[in-house]
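Heads up: the structure comes next, in C-alpha cells.
Model, not experiment: these values are computed from the prediction.
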Number of protein chains: 4
Amino acid sequence: MFFSVDPANGLAIYEQVVRQVTFAVAGEVVKPGELVPSVREVARELTINPNTVARAYRQLQADGVLEPVRGTGLAVSSGADGRCRERRRQFIRVRLHQVLLEAKQSRLDDRELCDLVATELAAIQPREA
Amino acid sequence: MFFSVDPANGLAIYEQVVRQVTFAVAGEVVKPGELVPSVREVARELTINPNTVARAYRQLQADGVLEPVRGTGLAVSSGADGRCRERRRQFIRVRLHQVLLEAKQSRLDDRELCDLVATELAAIQPREA
Amino acid sequence: MFFSVDPANGLAIYEQVVRQVTFAVAGEVVKPGELVPSVREVARELTINPNTVARAYRQLQADGVLEPVRGTGLAVSSGADGRCRERRRQFIRVRLHQVLLEAKQSRLDDRELCDLVATELAAIQPREA
Amino acid sequence: MFFSVDPANGLAIYEQVVRQVTFAVAGEVVKPGELVPSVREVARELTINPNTVARAYRQLQADGVLEPVRGTGLAVSSGADGRCRERRRQFIRVRLHQVLLEAKQSRLDDRELCDLVATELAAIQPREA
DNA sequence: GTGGTCTAGACCACC
DNA sequence: GTGGTCTAGACCACG
C-alpha cells in the first residue's frame with residue numbers, strides 16, 4: 001500500500017485518497033499500466049468505508065488517472081504520469097500562493113515571513129549543506 | 001470596515017470572519033479597547049446573515065479576542081494583540097509546513113519546489129530589487 | 001456608598017443594584033426612613049448609566065422597599081427591613097437548593113459534596129473554632 | 001435519553017444541554033468512546049430545535065468532551081470523564097461559594113445560614129438517619 | 001443516516 | 001441602538 005489517510009484531518013477522506021493516488025503517480029511510485037489495489041483491499045487496509053474508496057476511484061477515473069481493465073481492476077492510465085505531475089505542481093503552487101498572500105495581507109512583517117519560510121523549508125529538507 | 005469575506009472560498013464564512021478579525025488585531029488595524037463594528041453593521045456591509053457574524057464574534061469571545069461592553073458592543077480585549085500575533089504566526093507556520101511537507105512527500109523535485117517558493121514569494125512582494 | 005456592582009458578572013447590572021439595596025436593608029446597613037443615594041450619585045460612583053440606576057430604583061419602589069419623599073429623594077419604606085430579610089432568606093434558600101439538587105442529580109458522590117460544603121462554609125467564616 | 005431541559009429556566013437551553021452532557025459523562029452515564037444521541041434525536045426527544053442541540057454539541061467539541069466520528073455521529077472523547085468530573089466539581093464549588101459569600105456579605109446571621117444549609121442538605125439526601 | 005453551515009425572522013434584556 | 005437566544009427550514013459533504 002503506497003498511501004495512508006488521516007480520518008481526523010478535517011479534509012474529506014475520499015479527497016485524501018484522490019490526492020494520495022495522484023501524487024503517487026506523479027512521483028512514479030506507480031507507473032502507467034500498473035494496477036492499483038482493489039477497492040476492498042484499500043478499504044480493509046485503511047479501515048475506511050468501501051464506498052469512500054469507490055468514490056475516490058470514481059473521481060480518479062473522471063480525472064483520467066485511472067482506467068478500468070475489464071475483469072481485472074483499475075490501472076493507471078497511459079500518460080497519466082505527466083498529467084499528475086502538472087496537477088501536483090498546480091496544487092502546490094496554489095496552496096503556496098494562498099498562504100503567502102494571506103500572510104502578506106495580514107500585515108505580517110516581511111522579515112518574520114521570510115524567517116518562517118526559511119525555517120520550514122529547512123525543516124522539510126533534512127540534509128542540505 | 002477592515003475586512004471582507006469570500007462566500008465561495010470553501011472555508012466557512014464565519015471562520016473567515018474570525019480569521020480576519022484576529023489578523024486585524026494582530027496587525028494593529030484595531031487596538032485593544034476599541035470597538036469592533038456591530039454584528040448588524042458587518043452583516044449589512046458584507047451582505048451576510050447577522051447570525052453568521054454573531055457566531056464568529058461568539059467564537060472570538062471564546063478565544064479571548066473580544067469582550068462585551070454591556071449595551072454598547074464588543075471591544076478588543078486588552079492583551080489580545082499579542083495573542084493574535086502569536087496566533088497569526090502559528091497559523092501561517094502550520095499552513096506553510098503542511099504544503100511544504102506535502103510537496104516533499106509527493107517526491108516533488110527539490111529544485112522545482114525551491115523555484116515555486118521563490119516565484120510565489122516574489123509575486124507577493126510588490127517591490128523586487 | 002454601601003454597595004458595588006460587577007459589570008462583567010453576567011447578571012444584569014440593574015438587578016445587582018436591586019439585590020444590593022435589598023440586602024443592605026435586610027442587614028440594616030440602611031434603616032427605614034433613611035434616604036438612599038440619588039440616581040445621579042450612584043451612577044457617578046459606580047460609573048454606570050443613570051438609566052440603569054433609575055430602573056433599579058423603579059423596581060425597588062414596586063417592591064415596596066423604597067418610597068419617594070417629595071422634593072427630597074427616595075427613602076427606605078417603613079417595615080421594609082422585615083420584608084427584605086424575608087426576601088433575603090428566600091433568595092439564599094432557593095439558590096442553595098438549586099446547587100445542592102444539581103450536585104445530587106449529577107451523581108456527585110455524597111462524601112465529595114459534603115466536603116465541598118464544609119470547605120466553602122469554612123472559607124466564608126474566617127474565625128470559627 | 002440521559003438528560004432533559006427546562007425551557008423556562010432562565011438559563012439558555014443550549015447551556016443546559018452542555019451541562020447535562022458534561023455531568024452525564026462525569027457520572028459515567030456515558031463513557032468515553034460511546035456515541036451520544038444524534039442532534040436530530042435529541043431535538044425530537046426534547047422538542048427543541050436541532051440548531052440549539054447542534055450549538056450545544058459544538059461547544060462540547062470545543063470543550064474536548066465530544067469528538068466527531070465522520071459520518072457516524074459524535075462520541076465521548078477518551079479522557080473526557082476525568083475532565084468532566086473536574087469540571088463538575090469546579091462548577092458546584094463556584095456556585096456554592098457564590099451563594100454562601102453572598103449570604104455572608106448581606107450580614108445574614110451565622111446561625112440562620114447554618115440552619116438553611118443543614119435543612120437543604122437534608123432535603124436533598126433521601127436517607128436521613 | 002450523520003454533523004456542518006447558512007439564511008430568515010423573531011423575541012429578549014440591557015443601555 | 002447593542003448582543004444573545006431560539007425557531008424554522010434549507011443545502012451540503014460524508015459514510
Please report, rounded to the nearest Å, how far the [atom2] atom of [N] is from the [atom1] atom of [X].
X       : N      : atom1 : atom2 : result
D:Arg58 : F:dT5  : CZ    : P     : 12 Å
D:Arg44 : E:dT2  : CZ    : C1'   : 13 Å
C:Tyr57 : E:dC15 : OH    : P     : 16 Å
D:Gln59 : F:dG4  : CD    : P     : 13 Å
D:Glu67 : E:dG4  : CD    : C1'   : 17 Å
B:Leu35 : F:dG1  : CG    : C1'   : 13 Å

Distance below 4.0 Å between D:Gln61 side-chain N/O and E:dG3 OP1 or OP2
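Result: no.
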Can you name the side chain to side chain donor-acceptor pair (under 3.5 Å) partners of B:Arg89, sequence neighbours left out?
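With neighbours one apart ignored, the set is A:Glu112.
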Looking at residues at least two apart in the chain, or sitting in another chain, which of them share a side chain to side chain donor-acceptor pair (under 3.5 Å) with D:Arg87?
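Here no residue qualifies.
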Of B:Ser38 and D:Thr47, whose nearest nucleotide on DNA chain F comes first from the 5' end?
B:Ser38
Determine whether a donor-acceptor pair (N or O, by modelled atom type, separation under 3.5 Å) exists between the side chain of B:Thr22 and the backbone of B:Cys84.
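Checked: no pair found.
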If we ignore hydrogens and angles and just use 3.5 Å, is the side chain of B:Glu67 paired with the main-chain N or O of B:Val76 as donor and acceptor?
no
Return the [atom1] to [atom2] distance between [X] and [Y], rounded to the nearest 0.5 Å.
X       : Y       : atom1 : atom2 : answer
A:Arg95 : B:Leu96 : CZ    : CG    : 10.5 Å
A:Glu86 : A:Arg93 : CD    : CZ    : 9.0 Å
B:Ser78 : B:Arg83 : OG    : CZ    : 7.5 Å

Report the residues that fulfil ring-ring contact (aromatic ring centres under 6.0 Å, His included) with D:Phe91, sequence neighbours left out, ordered by chain and then residue number.
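Counting only residues at least two positions away or on another chain, D:Phe91 forms a ring-ring contact (aromatic ring centres under 6.0 Å, His included) with D:Phe23.
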For DNA chain F, produce a single dot-bracket line, 5' to 3'. Pairs: Watson-Crick or G-U wobble, both distances under 3.5 Å. Symbols: ( ) within strand, [ ] crossing, | other strand, . unpaired.
||||||||||||||.
Scan nucleotides 8-15 of chain F nucleotide by nucleotide, 5' to 3', and note B when protein non-hydrogen atoms come under 4.0 Å of the base, S if they reach only the sugar-phosphate, - if neither.
BB----SS
Sequence neighbours excluded - side chain to side chain donor-acceptor pair (under 3.5 Å) pairs with any residue from residues 28-54 of chain B:
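Applying side chain to side chain donor-acceptor pair (under 3.5 Å) to every pair that reaches into residues 28-54 of chain B, excluding sequence neighbours, yields nothing.
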When we call it a touch if two heavy atoms are under 4.0 Å apart, what does B:Glu41 touch: a base, just sugar-phosphate, or nothing?
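Result for B:Glu41 = nothing.
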